Amino acid sequence: MTIPFETQGSTRPIGYWIRSADKCLTKAIEAIQSDLGLERADWQVLNTLAESAAGMPFGRLRETFDPMLEVRDLHKVLISLADRGLLRSEEDFWRLTDKGRDVHRSAMERQTTLRRKAMQGISEADYSLVVNVLARLVSNCHRPEDT
């Protein structure tokens with residue numbers, strides 16, 4: 001069953017809006033972070049590690065980014081950021097370097113501005129509702145078929 005969403009006279013299924021939102025956010029993030037040399041996945045990894053001041057083991061990063069990044073792509077992002085001096089790994093435990101924290105601070109200022117723009121006209125309640133609906137949709141898709 002497709003439940004359409006109407007906007008500006010156009011009826012599109014939920015998949016259209018999910019993919020459009022993802023592409024739009026990726027393009028916007030990469031545009032505002034490009035002069036810092038960051039792509040969306042780079043930003044996400046930096047931000048995740050910044051939120052975990054002590055750092056994170058690779059296994060937890062893998063869980064955090066599944067299904068957004070394949071394991072090999074996550075590994076490439078980590079190695080690339082480490083090669084640029086933004087991360088370091090000690091016994092497969094990843095954390096930001098001082099340089100990484102500086103780049104994260106600059107990137108976070110830009111992200112905050114982008115988030116304000118992207119969230120215009122969207123209440124916290126609406127945002128929470130959308131996230132919960134999408135989480136239920138994903139959960140339903142992963143549930144075994146009823147017998």
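Since the model is a prediction, treat every value here as computed from it, not as a measurement.
Considering OG of Ser80 and CD of Glu39, their distance stands at 8.0 Å, rounded to 0.5 Å. To the nearest 0.5 Å, the span separating CG on Leu114 from CD1 on Ile29 amounts to 6.0 Å.
Under a cut-off of 6.0 angstrom, the local environment of CZ in Arg19 is sparse, with at most 12 non-hydrogen atoms contributed by other residues, nucleotides or ligands. Crowding of Tyr127 atom OH: a count of heavy atoms from other residues, nucleotides or ligands under 6.0 Å not exceeding 12.
Residues Ile32 and Thr113 have side chains not in contact (no heavy-atom distance under 4.5 Å, counting atoms from C-beta outward). Within the 4.5 Å cutoff, no side-chain heavy atoms of Glu51 are placed close to those of Leu46.
In terms of modelled atom types and a separation under 3.5 Å, the side chain of Arg101 and the main chain of Leu96 share a donor-acceptor contact. In this structure, the side chain of Thr97 engages the main chain of Leu86 through a donor-acceptor pair within 3.5 Å. In terms of modelled atom types and a separation under 3.5 Å, the side chain of Thr48 and the main chain of Gln44 share a donor-acceptor contact. Side-chain atoms of Arg95 never come within 3.5 Å of backbone atoms of Ser52 as a donor-acceptor pair (strictly under, hydrogens ignored). Listed for the Asn132 side chain is no donor-acceptor partner under 3.5 Å among the backbone atoms of Leu129. Looking only at distances, no side-chain donor or acceptor of Ser139 sits under 3.5 Å from a matching main-chain atom of Ala135.
For the pairing with Val45, the side-chain contact (heavy atoms from CB on, under 4.5 Å) check across Leu78, Thr64, Leu38 returns one residue only, Leu78.
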